[in-house]
K.L.:
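So that we are looking at the same thing, I have put the structure below in structure tokens.
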Amino acid sequence: MPVPPMMRPVATARTAAVLILFGEGPHGPDILLTERAATLTNHAGQPAFPGGRIDPDDDGPVGAALREAYEEAGVEPSGVQVLVTLPELYLARSNHRVTPVAAWWREPSEIAPGHPGEVATVARVPIADLVDPANRLTVRYPGGLRMGPAFRVSGMLVWGFTAALLTQVLRAGGWERPWDADRVEDLPREVLDLAARDRRGAARR
């Protein structure tokens with residue numbers, strides 16, 4: 001999977017991992033996504049893959065991704081078959097080097113938000129919905145100078161880092177269908193307000 005120039009890792013960034021968990025759901029193949037709680041100071045209200053920082057006790061990116069998926073969504077690690085770790089990607093807003101871990105949900109477990117103060121929603125999103133051109137758009141950031149891919153699925157607007165990674169994964173898997181990249185919408189005000197909180201937190205750090 002190629003790494004876009006703007007997502008190439010910075011050596012001094014902190015290490016983190018996310019789990020891209022594929023499964024066979026009631027509506028066909030799907031991917032697990034979470035939505036972070038709106039009360040958080042970092043990435044509040046944003047859809048994301050389960051994941052977080054790599055702790056010293058973790059067995060590297062794989063251990064961190066599995067631990068976070070269990071803590072955030074109730075995914076039992078014993079039912080997950082890890083397939084591959086993908087290239088590191090740089091998440092500039094929080095200064096992290098993120099390793100995506102791709103896995104197959106061999107024995108799915110019941111899922112639910114692990115902590116209401118951290119995770120608002122967990123959802124198994126069908127790949128068919130993600131690649132449906134009707135659910136894809138480009139979002140415009142304040143000032144109109146930056147734009148990025150987005151998805152409207154399962155009641156969520158998936159944008160930012162997660163949407164960029166999803167786009168790469170769908171393309172690498174050969175699932176992507178032609179869609180109208182000229183369908184551009186401004187990021188909603190409520191999303192911008194939460195992102196502004198994110199920036200204030202980063203400034204304090």
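Fair warning: this is a prediction, and the values are worked out from it, not measured in the lab.
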K.L.:
Going hydrophobic residue to hydrophobic residue with side-chain gaps under 4.5 angstrom, can you get from Val184 over to Trp159?
P.N.:
no
K.L.:
Tell me, do Leu86 and Ile20 make a side-chain contact under 4.5 Å, heavy atoms counted?
P.N.:
yes
K.L.:
When you group the ILVMFWY residues by side-chain heavy-atom contacts below 4.5 Å and let the links chain together, are Leu89 and Met6 in the same group?
P.N.:
yes
K.L.:
Has Arg106 got a side-chain atom pairing as donor or acceptor with Ser78's backbone, closer than 3.5 angstrom?
P.N.:
yes
K.L.:
Please tell me whether Leu83 and Val18 are part of a single hydrophobic cluster in this structure, the criterion being side-chain heavy atoms less than 4.5 Å apart.
P.N.:
yes
K.L.:
Taking side chain as C-beta onward, heavy atoms only, is Gln168 less than 4.5 Å from Pro100?
P.N.:
no
K.L.:
When you compare the side chain of Thr167 with that of Arg136, does any pair of heavy atoms fall below 4.5 Å?
P.N.:
yes
K.L.:
In Å, rounded to the nearest 0.5 Å, how long is the span from CZ of Phe49 to CG of Leu21?
P.N.:
10.5 Å
K.L.:
Can you name the one residue among Asp55, Asp59, Asp57 that meets side-chain hydrogen bond (donor to acceptor under 3.5 Å, both in side chains) with Arg67?
P.N.:
Asp55
K.L.:
Between atom CZ of Arg14 and atom OG of Ser94, what is the distance when rounded to the nearest 0.5 Å?
P.N.:
6.5 Å
K.L.:
Kindly indicate whether the side chain of Met156, heavy atoms from C-beta on, has any atom under 4.5 Å from the side chain of Val125.
P.N.:
yes
K.L.:
Measuring from atom CG of Leu166 to atom CD of Glu176, what distance do you get when rounded to the nearest 0.5 angstrom?
P.N.:
11.0 Å
K.L.:
Can a donor-acceptor pair be found, under 3.5 Å and without considering hydrogens, that links the side chain of Asn135 to the backbone of Asp129?
P.N.:
yes
K.L.:
Where do Met1 and Leu165 land on the side-chain contact (heavy atoms from CB on, under 4.5 Å) test, with the steps shown first?
P.N.:
CA-CA 10 Å; Met1 187 181 74; Leu165 179 51; 4.0 Å; yes
K.L.:
Taking all heavy atoms of Ala134 and all of Arg183, pick out the closest pair and write down the distance.
P.N.:
O-NH1, 3.0 Å
K.L.:
Ignoring hydrogens and geometry, is there a side-chain-to-backbone donor-acceptor pair from Thr138 to Ala181 under 3.5 Å?
P.N.:
yes
K.L.:
Would you sort out whether Glu76 and Glu107 count as a side-chain contact (heavy atoms from CB on, under 4.5 Å), showing the intermediate values?
P.N.:
CA-CA 9 Å; Glu76 291 288 349; Glu107 298 176 12; over 6 Å; no
K.L.:
Which atom names give the shortest non-hydrogen contact between Thr162 and Ala48, and what distance separates them?
P.N.:
OG1-CA, 3.4 Å
K.L.:
Please check this pair: side chain of Thr121 against backbone of Glu35, looking for a donor-acceptor N/O pair closer than 3.5 Å.
P.N.:
no
K.L.:
Search all heavy atoms of Gly28 against all heavy atoms of Glu24 and return the closest pair with its distance.
P.N.:
CA-OE2, 3.5 Å
K.L.:
What's the separation between atom OH in Tyr70 and atom CD1 in Ile111, rounded to the nearest 0.5 Å?
P.N.:
14.5 Å
K.L.:
Would a 4.5 Å heavy-atom cut-off, applied to side chains only, mark Trp175 and Leu170 as touching?
P.N.:
yes
K.L.:
Which pair of non-hydrogen atoms, one from Val75 and one from Ser109, has the smallest distance, and what is that distance?
P.N.:
CA-OG, 3.5 Å
K.L.:
Decide whether Trp179 and Ile31 are clustered together by the hydrophobic rule: side chain heavy atoms of Ile, Leu, Val, Met, Phe, Trp, Tyr closer than 4.5 Å, transitively.
P.N.:
no
K.L.:
Any idea which heavy atoms bring Arg97 and Glu88 closest together, and the distance?
P.N.:
NH1-OE2, 3.1 Å
K.L.:
Are Leu19 and Ile54 joined in one hydrophobic group, where the rule is that I, L, V, M, F, W and Y side chains link up if heavy atoms are under 4.5 Å apart?
P.N.:
no
K.L.:
Below 4.5 Å, heavy atoms only, C-beta onward: do Val80 and Trp105 meet side chain to side chain?
P.N.:
yes
K.L.:
Passes side-chain contact (heavy atoms from CB on, under 4.5 Å), Arg152 versus Leu137? Steps please.
P.N.:
CA-CA 8 Å; Arg152 289 194 185 277; Leu137 67 154; 3.9 Å; yes
K.L.:
Going through the checks in order, is the side-chain contact (heavy atoms from CB on, under 4.5 Å) test met by Val191 and Val139?
P.N.:
CA-CA 11 Å; Val191 171; Val139 290; over 6 Å; no
K.L.:
Against Thr34, only a single residue in Glu118, Gln46, Glu72, Glu68 fulfils side chain to side chain contact (heavy atoms under 4.5 Å, CB included); can you say which?
P.N.:
Glu72
K.L.:
Which atom pair, heavy atoms only, marks the closest approach of Leu157 to Ala150?
P.N.:
CD1-CB, 4.1 Å
K.L.:
Under 3.5 Å, is there a donor-acceptor pair linking the side chains of Asn95 and Tyr90?
P.N.:
yes
